[in-house]
Amino acid sequence: RTIAARMLESRNQTVPVTLFAIADATNLVDLRGQFKAAAGVVPAYTDVLLKLVAVALQRHPMLAARWTDAGLRPAARIDIGLAVDTDAGLLVPVVRDVPSLGLQQLTQQTRHLATRARQGILTTAEMSGGCFTVTSLGAFGVEFFTPVINHPECAILGVGAIKRVPVMDGDRVIGRDQL
């Protein structure tokens, strides 16, 4: 009920503007491959994207803003929600102070929060206070979609599947991973 109420509130109080762009993800795929080859925790693509989003939000603080009764207010800290599909529906635990976390720490945090979400034991505090949300349907093969803003946040990033596609490089065709 709470999830449905928040989605309805978002639809009633925000005007969604959906922009689609294709990005070259070859370096992202290569980076993750390097983590796989080394011993240790392998970050998910979403973990790397959370880190990159944190950098972008620091450069563009109005995207990290929240709606208040007084209007749009930039966040004091970059706390990013991560949409997690669970048996109970979509839950959005919040990773705190993402810029201060190393990629390994971030990966451990997202795994911990996703596990707690799927177990149904997240606290309200663990799902509150985000300034931006990242959601991905790439694992389901979805390339493009229109995510619902997690109100009172003012923006969300929806990430689709990474696909290997032929692209032109000068006069030759090469394979590139695109997102």
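What's counted below: heavy atoms across the whole structure, side chains too, no hydrogens, waters or symmetry copies.
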Exercise. What's the shortest heavy-atom distance between Arg96 and Leu101, and which atoms?
Worked result: O-CD1, 3.8 Å
Exercise. Would you call Leu113 and Val95 a side-chain contact if the rule is heavy atoms closer than 4.5 Å?
Worked result: yes
Exercise. Do the side chains of Leu72 and Cys154 get nearer than 4.5 Å, heavy atoms only?
Worked result: yes
For this session: Please report the shortest heavy-atom distance between Thr107 and Thr110, naming the atom on each side.
Result: O-OG1, 3.0 Å
For this session: Please check if the side chain of Arg164 supplies one atom and the backbone of Gly175 the other of a donor-acceptor pair under 3.5 Å.
Result: yes
For this session: Enter the distance from Leu122:CG to Arg118:CZ here, rounded to the nearest 0.5 Å.
Result: 10.5 Å
Exercise. Which value, rounded to the nearest 0.5 Å, describes the distance between Leu31 atom CG and Lys36 atom NZ?
Worked result: 12.0 Å
Exercise. Residues in ring-ring contact (aromatic ring centres under 6.0 Å, His included) with Phe144, at least two apart?
Worked result: Phe20
Problem set entry | Main-chain N/O of Gly102 paired with Gln105 side-chain donor or acceptor, under 3.5 Å | yes
For this session: Check the surroundings of atom CG in Asp30: do more than 12 heavy atoms from other residues, nucleotides or ligands lie under 6.0 Å from it?
Result: yes
For this session: Could you tell me whether the side chain of Val165 reaches within less than 4.5 Å of the side chain of Val167, counting heavy atoms only?
Result: yes
For this session: Find out whether Met62 and Pro74 are in side-chain contact, i.e. whether some heavy atom of one side chain is under 4.5 Å from a heavy atom of the other.
Result: yes
Donor-acceptor contacts under 3.5 Å from residues 75-84 side chains, at least two apart:
residue, atom, partner, partner atom, Å
Arg77, NE, Asp79, OD1, 2.9
Arg77, NE, Asp79, OD2, 3.2
Arg77, NH2, Asp79, OD2, 3.0
Asp79, OD1, Asp97, N, 2.6

Exercise. Lys163 side chain to Glu143 main-chain N or O, any donor-acceptor pair under 3.5 Å?
Worked result: no
Exercise. Quick one: does Ile156's side chain get under 4.5 Å of Val134's, heavy atoms only?
Worked result: no
Exercise. Honestly curious: do Ile149 and Leu63 fall in one hydrophobic cluster under the side-chain, below-4.5 Å linking rule?
Worked result: no
Exercise. Are the side chain of Arg66 and the backbone of Glu153 linked by a donor-acceptor contact shorter than 3.5 Å?
Worked result: no
Problem set entry | Nearest atoms (heavy-atom pairs only) where Val41 meets Phe35 | O-CD2, 4.2 Å
Problem set entry | Co-membership, hydrophobic cluster, residues Val94 and Phe132, 4.5 Å side-chain | no
For this session: Quick one: pull up CG in Leu28 and CG in Leu52 and give me the separation to the nearest 0.5 Å.
Result: 7.5 Å
Problem set entry | Nearest-0.5 Å distance that lies between atom CD1 in Ile162 and atom CD in Gln178 | 11.0 Å
For this session: Apply side-chain contact (heavy atoms from CB on, under 4.5 Å) to the pair Tyr45 and Val29, showing each step before the final yes or no.
Result: CA-CA 8 Å; Tyr45 290 118; Val29 171; 3.7 Å; yes
For this session: Report yes if the side chains of Val92 and Thr135 come closer than 4.5 Å at any heavy-atom pair, otherwise no.
Result: no
Problem set entry | Lys51 side-chain N/O to Pro99 backbone N/O, donor-acceptor pair under 3.5 Å | yes
Problem set entry | Cluster check Leu50, Leu137: I/L/V/M/F/W/Y, side chain < 4.5 angstrom | no
Problem set entry | Approximate separation, where rounding is to 0.5 Å, of Arg116 CZ and Leu91 CG | 12.0 Å
Seminar exercise, completed: For Arg172 and Ile174 the tightest heavy-atom approach is NH1-CG2, 3.3 Å
Problem set entry | Reported OG-to-CG distance for the pair Ser136 and Leu49, which is rounded to 0.5 angstrom | 8.0 Å
Exercise. If you take all heavy atoms of Thr86 and Ala117, which pair is closest and at what distance?
Worked result: CG2-O, 3.5 Å
Exercise. Below 4.5 Å, heavy atoms only, C-beta onward: do Val98 and Gln109 meet side chain to side chain?
Worked result: no
For this session: Evaluate the side-chain proximity of Thr133 to Leu157: yes if any heavy-atom separation is below 4.5 Å, no if none is.
Result: no
